[in-house]
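We number each residue from 1, following the sequence as shown. In listed order, ligands and their atoms are each counted from 1.
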Amino acid sequence: MEPKARFARNTLSNARRLRSAALPGAMRHDWHLDEIRAIHDTPLLDLVFRAARVHRAHHDPAEVQVCKLISIKTGGCAEDCAYCSQSARYETGIEAQPLLEKEAVLEIARRAKESGVSRVCMGAAWREVRDNSQFERVLDMVKDVTAMGLEVCCTLGMLTEAQARQLEGAGLYAYNHNLDTSESFYETIITTRTYRDRLNTIQNVRKTGVTVCAGGILGLGESKEDRISLLRTLAAIRPHPESVPINVLSKVPGTPLQDQPDVPFHEMLRMIATARILMPKAVVRLSAGRARLSVAEQALCFLAGANSIFSSETKRMLTQAVPSPDYDADHAMLDLLGLKVRPPFKE
Ligand code: SAM
Ligand code: SF4
């Protein structure tokens, strides 16, 4: 290469290096608990400001991903997750339903697409995926919904590497598997599986090209230290989860957690802002619990780095027990705030 051309190329790559070094928000996997605690406890407006800078350096701040959750198999679950309306162990009034037919799912996905949704998340009240005709049906659903031009996410419980590869082959874009809380608090909430089981499934997904969606729930009775520990575990995943849902407990009558105190809004905001700073490129989702936030509170969450929401046509999200704002209310909110729907397959 001519010296002049080499000089030009080096100058260009140096400029790129400098630009990325100057971006706020380091891509790290080795955060110490002390560092995370210090970020989390920053005076609130300073924290939101710092998170907003990281957010703006790594994302288009005008874009919000709009997702639709479809419960493809509802209730009757063998697990004992203390928050869940679908566990067969609690009297929650949820009627168990078998796996939906593919056509029913395609119809819901079609309507969601018409309403401006960019990602469809298909959830099943299963402990784990089994290699049977039901899984074949889910693979078919993934293929057909992806062919409609929508990102598809599945949340089906525990998964082997071979099953993750089958989902990848069907075109799956993302797999959701939440860690929910810290490793030490986990056994207070769920006894029928371990934190290690959860991490193993995430690792199995990571071995494929399917992106990882993993987050937690606030309001289970955990301490601030549990939240900080959860964030450290999420940020230690290599690469970071592409999507991080921050749920607030929807208190379901009949579950052991039905009488938990409400999570104050500022605690939710701190969690969103800290997640944004620790995992700069992740899409941070405002999930369960959003229905009780005002538009002004949601606006603060978007400023602090949240850039994904679940929306629904029925004001219900996962089951009848979990409320959600509806498409019309959400479009009105996005218009008011000057936000637009992030297109599918952006990355
Ligand atoms: N059975 C699969 C599993 O547990 O991985 C997938 C479905 S499960 C309903 C998906 C996620 O929804 C859970 O991991 C949990 O984080 C969240 N979730 C369920 N019930 C909730 C509630 N009442 N409040 C907040 N989040 C909830
Ligand atoms: Fe079952 Fe998932 Fe609910 Fe736990 S969270 S009871 S695994 S559906």
Inset, instruction - Determine, counting only non-hydrogen atoms of the protein, whether one lies under 4.0 angstrom from atom 4 (Fe) of ligand 2. - result: yes
Legend entry - Presence of salt bridge, Asp60 and Arg342, under 4.0 angstrom: no
Legend entry - Residues Arg165, Glu168: salt bridge by 4.0 Å N-O rule: yes
Legend entry - Winner among Gln86, Arg127, Arg193 once heavy atoms are compared against atom 7 (S) of ligand 2: Arg193
Legend entry - Option whose closest heavy atom lies nearest to atom 26 (N) of ligand 1, chosen from Ile72, Ile217, Leu159, Asn178: Ile217
Inset, instruction - Check each atom of ligand 1 against the heavy atoms of Gln86 and keep those under 4.0 Å away; list them by number with element. - result: 9 (C)
Legend entry - Subset of ligand 1 atoms that lie under 4.0 Å from at least one heavy atom of Ala124: 1 (N), 2 (C), 6 (C), 7 (C)
Inset, instruction - Specify the protein heavy atom at minimum distance from atom 1 (Fe) of ligand 2: its residue, its atom name, and the distance to 0.1 Å. - result: Cys77 SG, 2.3 Å
Inset, instruction - Name the closest protein heavy atom to atom 8 (S) of ligand 2, giving the residue it belongs to and the distance to 0.1 Å. - result: Ala125 CA, 3.5 Å
Inset, instruction - Answer whether the closest heavy-atom distance between the side chains of Ile39 and Leu47 falls below 4.5 Å. - result: yes
Legend entry - Sub-4.0 Å atoms of ligand 2 with respect to non-hydrogen atoms of Cys81: 4 (Fe), 5 (S), 6 (S), 7 (S)
Legend entry - Enumerated ligand 2 atoms positioned under 4.0 Å from heavy atoms of Tyr83: 5 (S)
Legend entry - N, O or S of Cys84 under 2.8 Å from atom 3 (Fe) of ligand 2: yes
